[in-house]
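Written below as structure tokens is the structure these notes are about.
One-based numbering, in listed order, for ligands and for the atoms of each.
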Amino acid sequence: VIDWWLYVALVVALSAGFFLGLKQASANQKKSLEPVGEYYFKGLNYLLNEESDAAIETFIRALEVNSETLETHLALGKLLRNRGEVDRAIRIHQNLLARPGITLDQAQQAQYELATDFVKSGLLDRAESLLLELVAKDGNYKVLGLGRLLEVYRDEKEWQKGLGVLQLLSGSRLSRSYDEWGPTKSHFCCELAELAIFSQDHKTARQWLRKALVYERDGFRASLLLGRLEISVGNPNKGLSILEGLLVGRHLKYASEILPHLSGAYESLGKIERYRAFLCRISELSNNPVIMIALSELILRQSGDRAAAEFVAKSVIDAPSGIGLNRLLDYYLLFTEGKTNDYLSSLKQVIGVVVDDDMHYQCDHCGFRGREMHWLCPSCKTWGSLHLKHAGIEG
Ligand SMILES: [Zn+2]
């Protein structure tokens with residue numbers, strides 16, 4: 001029994017198809033196809049919201065596959081996939097591919113959509129073989145196919161294969177897209193370097209990092225890894241100069257990722273004074289609160305809490321920041337008693353909430369926020385777009 005909504009949707013769809021047919025016949029069979037229209041999709045949406053598998057099947061069968069309805073089938077497939085009904089999208093696209101009489105371009109389009117369904121449902125092996133077939137041929141879907149294949153290798157952590165695809169996508173050094181893919185290539189090399197570091201193969205790690213720095217000169221991740229590698233293999237001075245160079249250069253926004261390695265290395269060399277001098281130099285150049293807090297901790301250790309509090313108070317006046325204010329209150333709580341201490345304590349609670357809420361990693365590209373650093377944004381899948389944002393009162 002076909003229920004009422006299905007009936008409405010079918011009528012709308014079929015009359016849209018009929019109308020389209022008339023229009024096309026009168027337009028002397030122009031190649032391009034008009035969009036099927038708002039009402040059709042409205043009907044379709046009702047159908048998808050209300051109906052069961054059986055109704056969808058009926059609907060698919062009702063629209064015969066030919067060059068006029070191909071776009072409709074593809075649109076339906078995409079709609080289902082976006083609604084998370086990937087199994088149904090797969091059925092539609094497989095159905096399309098099985099039909100005789102579709103052109104090579106149409107077959108490639110269906111193949112590309114089917115591969116996308118497979119990616120979405122986590123069937124990466126099946127997506128890979130379909131895409132390899134697609135990109136082996138020249139055609140309109142070659143570049144799109146390569147892009148999708150790159151996603152498959154990225155998700156499978158097949159970095160070497162991914163670099164092969166990136167080579168094809170970016171073309172020669174002279175091509176327009178070469179520079180555009182540089183940072184992505186650099187991150188793939190860094191992934192391989194990290195694997196080599198993990199298995200103590202420092203020579204291979206260094207090779208990958210050099211490659212990464214060729215693809216992206218002054219790339220932050222590759223430089224950070226190289227600096228850490230030099231420190232860990234017993235070249236601390238070389239490593240320290242690389243890490244310090246990052247803070248002096250254009251990577252100050254990554255201070256939170258650099259400082260732990262810097263302080264660890266200075267600590268093991270027993271050269272804390274040199275570390276303090278370096279941090280002083282950087283803090284004179286910028287008002288980065290992460291640098292300020294690190295420096296205040298060194299002052300605390302070497303010169304006591306009064307000196308640290310004085311330093312933080314001066315810094316907060318120079319460059320207001322939530323983190324700085326929070327830290328200043330910590331010191332004031334140490335130095336006060338009675339009622340004043342109570343007042344400060346409740347103020348500290350409020351500031352603590354604000355600052356804690358505002359300390360997070362954020363993606364420059366999509367705005368994703370999280371507590372952890374990721375090289376690849378978990379949301380928009382952009383490489384190298386996350387860094388620590390801090391609560392500055394000035395915003
Ligand atoms: Zn993002």
Side-chain angles (χ1 to χ4, degrees), residues 78 81-84 86 112-113 115-122 124 127-128 131 143-159 161-163 165-166 169-170 176-195 208-209 212-213 215-225 246-247 249-260 288-290 321-323 354-392 394-395:
K78 218 174 243 177
R81 184 171 68 223
N82 290 340
R83 289 169 50 95
V86 188
Y112 173 74
E113 294 298 338
T116 305
D117 299 337
F118 286 149
V119 170
K120 186 112 184 206
S121 57
L124 297 181
E128 183 188 355
L131 288 166
V143 172
L144 279 172
L146 283 171
R148 195 63 84 214
L149 192 57
L150 183 64
E151 288 173 21
V152 169
Y153 289 145
R154 179 198 66 205
D155 292 351
E156 284 183 324
K157 300 189 188 299
E158 291 273 11
W159 310 114
K161 287 184 182 176
L163 277 172
V165 173
L166 279 163
L169 273 172
S170 63
R176 210 152 36 107
S177 51
Y178 188 83
D179 286 340
E180 195 183 302
W181 288 106
T184 309
K185 283 191 212 168
S186 176
H187 276 281
F188 276 57
C189 292
C190 286
E191 292 287 346
L192 287 158
E194 284 189 350
L195 290 175
W208 282 121
L209 292 176
L213 288 167
Y215 289 135
E216 190 187 21
R217 265 192 65 223
D218 192 29
F220 171 67
R221 185 183 182 184
S223 305
L224 178 70
L225 283 171
L246 290 172
L247 285 171
R250 61 186 182 95
H251 297 302
L252 189 63
K253 66 178 179 182
Y254 290 113
S256 55
E257 313 313 302
I258 304 167
L259 288 185
N288 187 300
V290 174
S321 76
I323 308 177
V354 175
V355 172
D356 193 45
D357 275 350
D358 279 339
M359 279 290 283
H360 58 268
Y361 288 93
Q362 191 169 334
C363 173
D364 282 337
H365 193 252
C366 73
F368 169 85
R369 289 165 68 129
R371 292 268 152 192
E372 275 170 56
M373 174 66 180
H374 296 276
W375 294 112
L376 178 70
C377 174
S379 177
C380 71
K381 308 282 181 186
T382 303
W383 287 102
S385 59
L386 259 73
H387 60 91
L388 194 71
K389 296 260 178 177
H390 12 76
E394 81 282 17

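- Classified by interplanar angle (parallel below 30°, tilted 30° to 60°, perpendicular above 60°), the ring pair Y254/W375 is tilted.
- Angle subtended at the Zn ion (ligand 1) by C363 SG and C377 SG: 110°, rounded to 10 degrees.
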- Before giving the answer on side-chain contact (heavy atoms from CB on, under 4.5 Å), spell out for W159 and W208 the whole-Å C-alpha distance, their side-chain angles and the decisive distance to 0.1 Å. CA-CA 11 Å; W159 310 114; W208 282 121; over 6 Å; no

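- Relative to the ring axis of F188, K161 does not place its NZ or CZ within 45° and under 6.0 Å from the centre.
- One finds an angle of 110° at the Zn ion (ligand 1) between SG on C366 and SG on C380, to the nearest 10 degrees.
- At a cut-off of 2.8 Å, H365 is not counted among the residues with an N, O or S atom near the Zn ion (ligand 1).
- Between the side chains of Q362 and H360, a donor-acceptor pair is found at a separation under 3.5 Å.
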